[in-house]
Amino acid sequence: MYHQVDETPARGTPMRGLVVSPAAFARQMATLRAVGLKGLSMRDLLPYLTQKKSGPVVGITFDDGYENNLRCALPVLRRFGFSATCYAVADRVGQINDWDKALGVPQVPLMTAEQMQAWIDAGQEIGSHTLTHCDLTTLDLAGQRREVAASREKLNRLVRQPGGVRNFCYPYGALNQQSVVCVQESGYETATTTVRGRVSVADRMHLLTLPRILVSRTTTCAHLLLKCLTAYEDRRRVDLAWRSAE
Ligand SMILES: [Zn+2]
């Protein structure tokens with residue numbers, strides 16, 4: 001789980017930890033490659049999640065749809081032959097991350113429809129991150145349904161992608177059982193949370209509440225390997241209390 005890839009903001013900048021430098025990102029991708037792991041978008045990862053394929057793979061996701069993903073991460077992904085999923089906020093395409101404004105997070109550009117198309121045309125994937133980057137748990141069922149379903153429809157109108165928009169990510173990792181129902185009804189194939197951990201065999205039954213591993217500004221390559229190759233993250237996992245009822 002990445003967010004922004006760009007030069008490090010000044011010390012004291014809120015959420016600075018979610019900006020990984022292009023040099024660090026390149027080192028991380030090289031490290032994955034060096035241990036034989038292939039980075040894949042959620043679309044390309046799906047056959048592995050459903051056990052139709054097996055092999056040393058890791059999913060790569062970017063939340064929010066920042067323009068810096070196209071500018072700074074794409075050249076690196078291409079160099080390594082990796083794919084990744086970028087989750088776009090459908091009503092903020094070509095705008096800025098205004099949902100973070102109250103926290104003092106720098107307002108930076110989000111990809112335009114043309115830039116998302118360039119991302120797709122370079123072999124990458126666009127997924128949905130709702131219409132407005134809302135906390136779904138604050139909405140009633142109709143509100144959640146709109147954010148989840150209408151964002152997919154809108155992104156499908158904005159970009160041309162083989163198979164359309166198929167994968168979803170819950171903003172703030174906030175979800176309840178209704179959110180999962182909405183994601184299922186809308187026809188998404190996978191949805192990612194901020195639950196820490198690697199996807200286990202049991203998670204393959206729960207493709208709409210997948211765990212992830214956060215990579216931040218301070219994640220070293222050694223740390224990344226620890227997170228990807230050992231039970232380091234799994235031990236820190238705190239599951240959604242209601243998930244067994246899915
Ligand atoms: Zn987000």
Side-chain angles (χ1 to χ4, degrees), residues 1-6 9 13-20 25 41-43 45 59-74 84-113 115-116 119 124-139 143-152 154-155 158-159 165-176 178-180 182-183 186 188 190-197 208-217 219 233 238 240:
M1 169 175 46
Y2 288 94
H3 290 76
Q4 301 193 47
V5 178
D6 211 340
T13 305
M15 305 283 233
R16 178 175 181 250
L18 295 183
V19 185
V20 173
F25 182 68
S41 64
M42 295 309 294
R43 172 196 61 213
L45 191 67
I60 302 179
T61 63
F62 295 91
D63 288 16
D64 304 339
Y66 296 101
E67 175 271 341
N68 57 44
N69 296 169
L70 181 73
R71 180 165 41 83
C72 301
L74 179 61
T85 298
C86 179
Y87 297 112
V89 179
D91 277 356
R92 298 293 178 272
V93 170
Q95 299 177 32
I96 52 174
N97 50 325
D98 62 350
W99 60 87
D100 276 338
K101 198 170 181 184
L103 298 172
V105 176
Q107 302 291 287
V108 299
L110 301 169
M111 281 192 232
T112 62
Q115 288 168 330
M116 291 196 297
W119 172 263
Q124 311 299 319
E125 181 187 26
I126 290 292
S128 168
H129 202 34
T130 72
L131 283 174
T132 62
H133 204 284
C134 55
D135 174 343
L136 288 172
T137 65
T138 65
L139 304 180
Q144 292 207 46
R145 197 170 267 150
R146 185 178 137 69
E147 287 280 345
V148 172
S151 59
R152 183 180 196 203
K154 183 161 186 178
L155 290 170
L158 291 174
V159 294
V165 170
R166 311 184 209 173
N167 297 297
F168 183 81
C169 173
Y170 303 95
Y172 310 106
L175 68 152
N176 55 28
Q178 288 186 333
S179 321
V180 180
C182 292
V183 169
S186 303
Y188 290 101
T190 75
T192 46
T193 67
T194 54
V195 169
R196 290 177 71 165
L208 302 183
T209 52
L210 291 170
R212 288 189 292 175
I213 291 170
L214 174 68
V215 186
S216 73
R217 186 182 65 83
T219 305
E233 285 288 312
V238 180
L240 304 159

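The analysis underlying the following values was restricted to heavy atoms, covering all of them including side chains, and did not include hydrogens, waters or symmetry mates. Since this is a predicted model, take the numbers as computed values, not measurements. In each ligand, atom 1 is the first atom listed, and ligand 1 is the first ligand listed.
- In this structure, CG in Asn167 is found 9.0 Å from CZ in Arg43, a value given to the nearest 0.5 Å.
- At distances below 3.5 Å, not a single donor-acceptor pair connects side-chain atoms of Gln124 with backbone N or O atoms of Ser41.
- A cation-pi geometry, defined here as NZ or CZ lying under 6.0 Å from the six-membered ring centre and within 45° of its normal, does not hold between Arg152 and Phe168.
- Within the protein, the N, O or S atoms lying under 2.8 Å from the Zn ion (ligand 1) are Asp64 OD1, His129 NE2, His133 NE2.
- In terms of heavy atoms, His3 sits closest to Tyr66 at O-CD1, 3.8 Å.
- Between Ile60 atom CD1 and Ile213 atom CD1 the span is 11.5 Å, to the nearest 0.5 Å.
- Asp6 and Arg71 are joined by a salt bridge, as a carboxylate oxygen and a charged side-chain nitrogen come within less than 4.0 angstrom of each other.
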